[in-house]
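This report refers to the structure that appears directly beneath it.
What you are looking at is a predicted structure, and each value in this text was computed from that prediction instead of being measured.
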Amino acid sequence: TGKDAFIIGVCQCISVLPGLSRAGITMAAGLDRGSSRSFTADYFALLSIPTLIGTAIAEFIKSAGGGFTMSALPAYLVGMVAAMVSALAGMSLLRRIARNGKFGGLAYYCWIVGVLTIILTFIF
């Protein structure tokens, strides 16, 4: 419903806070609103498209303002392809996890990466 979409959108806005996973909060909000795991994963993937496009445009503008050179174009293209492949692989993995209904492993992964990030932040 429109109300469900609004609530999930607000949760996505909250996910900009440090330590919150956009995927995790979107999935949790979708499940809380009564959506199936599979639908919630697909909905998250759909919501990722504008975010990824917006980020790409913002980064391009930032790069162009900093003295973009044509000699650097191959490096940018390789980076874009690597980012796209990584994003598609991540989405595919998330959808597979959602279909199998095993979010516990993802939760442990997020905890480990979060703690590791905090520790490395204090070291470096």
Side-chain angles (χ1 to χ4, degrees):
T1 66
K3 181 179 177 182
D4 293 338
F6 178 77
I7 290 171
I8 293 170
V10 168
C11 288
Q12 284 228 324
C13 291
I14 293 169
S15 73
V16 300
L17 296 173
L20 292 178
S21 162
R22 191 172 58 86
I25 201 164
T26 302
M27 299 289 288
L31 293 172
D32 182 63
R33 300 303 302 166
S35 298
S36 71
R37 290 174 187 261
S38 181
F39 175 80
T40 304
D42 291 342
Y43 191 67
F44 166 73
L46 183 64
L47 288 177
S48 296
I49 294 170
T51 304
L52 295 173
I53 291 172
T55 302
I57 291 170
E59 287 297 319
F60 180 77
I61 291 169
K62 188 167 95 174
S63 295
F68 177 82
T69 62
M70 288 305 287
S71 64
L73 186 60
Y76 284 117
L77 292 175
V78 168
M80 287 172 52
V81 169
M84 182 183 74
V85 169
S86 299
L88 291 174
M91 292 289 185
S92 176
L93 178 63
L94 182 62
R95 292 179 75 212
R96 190 172 336 156
I97 290 170
R99 277 195 308 272
N100 294 334
K102 302 200 186 225
F103 283 115
L106 183 62
Y108 291 123
Y109 164 79
C110 288
W111 275 101
I112 291 168
V113 170
V115 169
L116 186 61
T117 301
I118 291 169
I119 291 169
L120 291 175
T121 299
F122 286 119
I123 293 173
F124 299 104

| field | Side chain Ser48, main chain Phe44, donor-acceptor under 3.5 Å | value | yes

| request: May I have the step-by-step check of side-chain contact (heavy atoms from CB on, under 4.5 Å) for Asp32 and Ile7, ending in yes or no? | output: CA-CA 10 Å; Asp32 182 63; Ile7 290 171; 6.0 Å; no

| remark: Rounded to the nearest 0.5 Å, the CD1 atom of Ile8 sits from the CE atom of Met27 at a distance of 10.5 Å

| Would Ile57 end up clustered with Tyr76 when hydrophobic side chains under 4.5 Å apart are linked, directly or stepwise? | no

| task | Look up atom OG in Ser36 and atom CG in Asp42, then write down how far apart they are to the nearest 0.5 Å. | result | 8.0 Å

| request: Determine the sole option in Val115, Thr121, Ile119, Leu120 for which the side chain to side chain contact (heavy atoms under 4.5 Å, CB included) test with Thr117 is passed. | output: Thr121

| query | Any chain of hydrophobic side-chain contacts (each under 4.5 Å) joining Ile118 to Phe124? | reply | no

| query | Are Met80 and Leu88 joined in one hydrophobic group, where the rule is that I, L, V, M, F, W and Y side chains link up if heavy atoms are under 4.5 Å apart? | reply | no

| query | Is there a path of hydrophobic side-chain contacts, each under 4.5 Å between heavy atoms of I, L, V, M, F, W or Y residues, that connects Leu93 with Tyr108? | reply | no

| said: Grouping I, L, V, M, F, W and Y whenever their side-chain heavy atoms are under 4.5 Å apart, do Leu47 and Met84 come out in a common cluster? | reply: no

| request: Please report the closest heavy-atom contact between Ser35 and Thr40, naming both atoms and the distance. | output: CB-OG1, 3.3 Å

| task | Could you grab the distance from atom OG1 of Thr26 to atom CD of Gln12, nearest 0.5 Å is fine? | result | 3.5 Å

